[in-house]
Amino acid sequence: WTYDGSKEYLVDKNHIVLFIFGVLVTIFFIIPYTLLLLLTPYLMKLSHWRVFSWINRIKPLVDSYEAPFKDRYRFWTGAMLFYRIALVIASAYFSQQPQLILFMIIIVHAGIVFSGFAVYKSWIISATETTLHVNIIINSMAIYFLNLEGHDFPSDFHIGDCLPSTISMGVSFLCFLGILLYNISKPLVSWIKMKIDGIKYFQVNTNVVPEHNEDGDKEYREPLMNE
């Protein structure tokens, strides 16, 4: 089950079934879905054509991925998925050369950080993603130099040998907790604000002055400004 291109494929009946299943899932699900997320921003501009009108039906689904991004970067989810697919393929073909994979990870994430892409509408989310990119770079560099020194990661891994990687993992976990708390607190704050506004509205609309009509029945009116 590891990504190792040096292993022989289709050597037994069970492996043949797994191989065929994996190929079918890749062809009919992973690649089309990734292409959809990558190309939807451009297909939406052609949705007035009949051949592309179907894109309007799945727009709510795609918006759930693209809503946090600025309009010019709505392809970002698809681009990151393609990067991961490329990383998996490279890991399979170069499984005996982990330094090459780590070098590729460092170059890609460093390029994203130093390019200054602010792909999200919210600066908080952009800052969080940049922090995660930096942590991936630090972690990859630490493992890269450990491999150069002859360490077999992770079997020959000690915290004292790779303190930057340990700190990086801790920061990544704190970022995860921050994202979790942000997504929990946002609807909670909105709900509390809605309740407070409802109480204020109720107090304003119940602040009326009783008065009697000609039949002696009580009626209510809004208070005058000088009352």
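Predicted, not measured: the structure shown is a model, and the values here were computed from it.
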(message) Is there a continuous path of hydrophobic side-chain contacts, each under 4.5 Å between heavy atoms, that joins L180 to L188?
(response) no
(message) I'd like to check L36 versus I55 (side-chain heavy atoms, cut-off strictly below 4.5 Å). Are they in contact?
(response) yes
(message) Check for me, please, whether I136 and F82 land in the same ILVMFWY cluster - side-chain distances under 4.5 Å, paths through other members count.
(response) yes
(message) Minimum heavy-atom separation for A67 and K121, please, with both atom names.
(response) O-NZ, 3.3 Å
(message) So, taking the atom named CE in M104 and the one named NE2 in H109, what distance separates them when rounded to the nearest 0.5 Å?
(response) 8.5 Å
(request) Please answer whether the main-chain N or O of W123 pairs with a side-chain N or O of S126 as donor and acceptor at a distance below 3.5 Å. (result) no
(request) Could you check if a side-chain atom of D63 sits within less than 4.5 angstrom of a side-chain atom of R74, using non-hydrogen atoms only? (result) yes
(message) On a heavy-atom basis, which atom in C175 and which in T131 lie closest, and how many Å separate them?
(response) SG-CG2, 3.6 Å
(request) Please answer whether the main-chain N or O of T40 pairs with a side-chain N or O of K59 as donor and acceptor at a distance below 3.5 Å. (result) no
(request) Indicate the atoms forming the closest heavy-atom contact of L38 with F75, along with that distance. (result) O-CB, 3.6 Å
(message) Do M80 and V119 have side chains that approach each other closer than 4.5 Å (heavy atoms only, starting at C-beta)?
(response) no
(request) Using the rule that two of Ile, Leu, Val, Met, Phe, Trp, Tyr join whenever any of their side-chain heavy atoms come within less than 4.5 Å, decide whether L177 and I184 are in one cluster. (result) no
(request) Using the six-membered ring wherever Trp is involved, compare the ring planes of W76 and Y73 and label them parallel, tilted or perpendicular (cut-offs 30° and 60°). (result) perpendicular
(message) Between N56 and M44, is there a side-chain heavy-atom distance shorter than 4.5 Å?
(response) yes
(message) Please verify the inter-ring angle class for Y33 with Y65; under 30° counts as parallel, over 60° as perpendicular, anything in between as tilted.
(response) perpendicular
(request) Side-chain contact test, heavy atoms from C-beta onward, threshold under 4.5 Å: evaluate it for F29 versus L24 and give yes or no. (result) no
(message) A side-chain contact here means heavy atoms from C-beta on lying under 4.5 Å apart; do I107 and F103 qualify?
(response) yes
(message) Assigning hydrophobic clusters by single linkage (Ile, Leu, Val, Met, Phe, Trp, Tyr; side-chain heavy-atom cutoff under 4.5 Å), is I138 placed with L174?
(response) no
(request) Measure across S140 and I106 and return the closest heavy-atom pair with its distance rounded to 0.1 Å. (result) CB-CG1, 3.7 Å
(message) I105 vs Y83, test: side chain to side chain contact (heavy atoms under 4.5 Å, CB included). Steps then yes/no.
(response) CA-CA 10 Å; I105 294 173; Y83 161 65; 3.9 Å; yes
(request) Over all heavy atoms of both residues, which pair between T34 and I30 is shortest? Give the atoms and the distance, please. (result) OG1-O, 2.7 Å
(request) Please check if I58 and L35 belong to a single hydrophobic cluster, counting links between Ile, Leu, Val, Met, Phe, Trp and Tyr side chain heavy atoms closer than 4.5 Å. (result) yes
(request) To the nearest 0.5 angstrom, please state how far the CH2 atom of W49 sits from the CG atom of L46. (result) 5.5 Å
